Amino acid sequence: MAMTDDANAPWLIVGLGNPGPEYAGNRHNIGFMVVDLLAERIGGKFKRAQKAQAQVVEGRLGPVGPANRRVVLAKPMSYMNLSGGPVTALRDFYKVPTAHVVAVHDELDIDYATLRLKLGGGDNGHNGLKSMTKAMGADYHRVRCGIGRPPGRMQVADFVLKDFSSTERKELDWFVDRSADAVECLVTEGLERAQSAYNS
């Protein structure tokens with residue numbers, strides 16, 4: 001679907017995670033945590049999307065004035081490894097250019113509570129990104145929330161589907177808050193400004 005990268009086009013901010021209470025506190029669900037906080041900030045409640053297997057909130061992010069942006073916050077309800085279908089359906093329904101899609105996700109190769117923002121690139125073995133890239137190409141933004149590598153010989157799949165440790169939880173609210181700030185900066189001020197402010 002051809003769409004122009006219009007400055008006035010909405011942004012689609014996708015938190016990646018797995019639906020259901022048993023996954024809510026998992027490391028793999030930090031994307032859901034960040035978009036939940038963004039929804040709180042704009043005073044919206046998630047509701048079922050009309051055209052996709054997802055929950056969405058529509059609203060505006062950023063200061064009043066030219067930097068204020070129309071956004072759709074989304075949580076795919078398809079499970080992580082099938083995220084691409086719902087995200088593409090939402091992108092097409094809301095007429096969002098792919099460059100205005102932001103995936104907020106956990107990242108194993110970055111230390112816990114560290115952020116990196118980028119446009120495009122590989123999926124680094126992340127099933128949610130793999131599914132999104134297969135569905136719509138790689139030219140979307142990523143807000144990569146570091147969770148670190150599993151300790152000892154723990155399998156990656158077990159590690160990401162475990163809740164944050166008690167030590168990690170001491171910093172979790174701060175980390176989610178900072179990640180939400182980074183998304184807001186990306187959308188309202190652009191990638192370079194957000195990278196210089198939040199990449200660590």
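Because the structure is predicted, anything quoted here is derived from the model rather than measured. The basis for the numbers below is simple: all heavy atoms, side chains too, and nothing from hydrogens, waters or symmetry mates.
Considering only heavy atoms from C-beta on, L186 stays 4.5 Å or farther from Y198 through its side chain. Side-chain atoms of I13 and L61, non-hydrogen and from C-beta on, do get closer than 4.5 Å to each other. Counting heavy atoms from C-beta outward, H105 and H126 have side chains that approach closer than 4.5 Å. In this structure the side chain of Y94 never reaches within 4.5 angstrom of the side chain of H100, judged on heavy atoms. Looking at L38 and I42, their side chains never come closer than 4.5 Å, going by heavy atoms from C-beta outward. Between F159 and P151 there is a side-chain heavy-atom pair separated by less than 4.5 Å. At least one side-chain heavy atom of R193 sits less than 4.5 Å from a side-chain heavy atom of C185. Taking 4.5 Å as the limit, some side-chain heavy atom of I30 sits within range of a side-chain heavy atom of F175.
Salt bridge annotation for R149-D109: present, with a cationic side-chain nitrogen under 4.0 angstrom from a carboxylate oxygen. At a threshold of 4.0 Å, the pair D181-R41 counts as salt-bridged, since one of the basic side-chain nitrogens sits closer than that to a carboxylate oxygen.
Surrounding CD of Q50 are at most 12 heavy atoms belonging to other residues, nucleotides or ligands under 6.0 Å away. Counting heavy-atom neighbours within 6.0 Å of K45 NZ, excluding the residue itself, gives a total of 12 or less. Around atom NZ of K134, no more than 12 heavy atoms belonging to other residues, nucleotides or ligands sit under 6.0 Å away. Counting non-hydrogen atoms of neighbouring residues, nucleotides and ligands closer than 6.0 angstrom, the CZ atom of R178 exceeds 12 such neighbours.
With hydrogens and angles disregarded, a donor-acceptor distance shorter than 3.5 Å links the side chain of N199 to the backbone of L117. Panel note: side chain D139, backbone A99; no donor-acceptor pair is recorded below 3.5 Å. Listed for the D163 side chain is a donor-acceptor partner under 3.5 Å among the backbone atoms of N26. A side-chain donor-acceptor contact under 3.5 Å links R142 to the backbone of G121. The closest donor-acceptor contact from the side chain of R69 to the backbone of V187 lies under 3.5 Å. D123 places no side-chain N or O within 3.5 Å of a backbone atom of G128 that could act as its donor or acceptor partner.
Residues F46 and D36 share a closest heavy-atom pair of CE1-OD1, 3.4 Å. Closest of all the heavy-atom pairs between T188 and A67 is CG2-O, 3.3 Å. Among all heavy-atom pairs drawn from F32 and P76, the shortest one is CZ-O, 3.4 Å. Looking at every heavy atom in both residues, T88 comes nearest to A135 through OG1-CB, 3.2 Å. Considering all non-hydrogen atoms of both residues, L129 and A103 come closest at CD2-CB, 4.0 Å. Taking all atoms of both residues into account, the shortest heavy-atom contact from S83 to S131 is N-OG, 3.3 Å.
From Y140, atom OH reaches atom NZ of K118 across 9.0 Å, with rounding to the nearest 0.5 Å. Within the model, atoms NZ of K75 and CE of M33 stand 10.5 Å from one another, a figure rounded to the nearest 0.5 Å. Here the CD1 atom belonging to I147 is positioned 12.5 Å from the NZ atom belonging to K162, to the nearest 0.5 angstrom. A distance of 8.0 Å separates CG in N127 from CE in M80, rounded to the nearest 0.5 Å. Separating the SG atom in C145 from the CZ atom in R116 is a distance of 12.0 Å, to the nearest 0.5 Å. Distance check, rounded to the nearest 0.5 Å: CD of Q55 to CG of L90 gives 11.5 Å.
Using the six-membered ring where Trp is involved, Y23 and Y79 have ring planes that are perpendicular, over 60° apart on the 30 and 60° scheme.
For D173, the side chain to side chain contact (heavy atoms under 4.5 Å, CB included) criterion is met by no residue, not counting sequence neighbours.
By the criterion of side-chain heavy atoms lying less than 4.5 angstrom apart, applied directly or through intervening Ile, Leu, Val, Met, Phe, Trp or Tyr residues, V72 is grouped together with M132 in one hydrophobic cluster. At a threshold of 4.5 Å between side-chain heavy atoms, the hydrophobic network of Ile, Leu, Val, Met, Phe, Trp and Tyr places M77 and V14 in two separate groups. Transitive grouping of hydrophobic side chains (ILVMFWY, heavy atoms separated by less than 4.5 Å) brings V160 and V104 into a common cluster. No single ILVMFWY cluster, assembled from side-chain heavy atoms under 4.5 Å apart, contains both V71 and V87. Transitive grouping of hydrophobic side chains (ILVMFWY, heavy atoms separated by less than 4.5 Å) keeps L161 and L16 in distinct clusters.
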Let me see the working for T114 and S200 under side-chain contact (heavy atoms from CB on, under 4.5 Å), right down to the final yes or no.
CA-CA 6 Å; T114 301; S200 46; 3.3 Å; yes
Audit row: N81, K130, side-chain contact (heavy atoms from CB on, under 4.5 Å) steps and yes/no
CA-CA 8 Å; N81 58 353; K130 199 175 289 184; over 6 Å; no
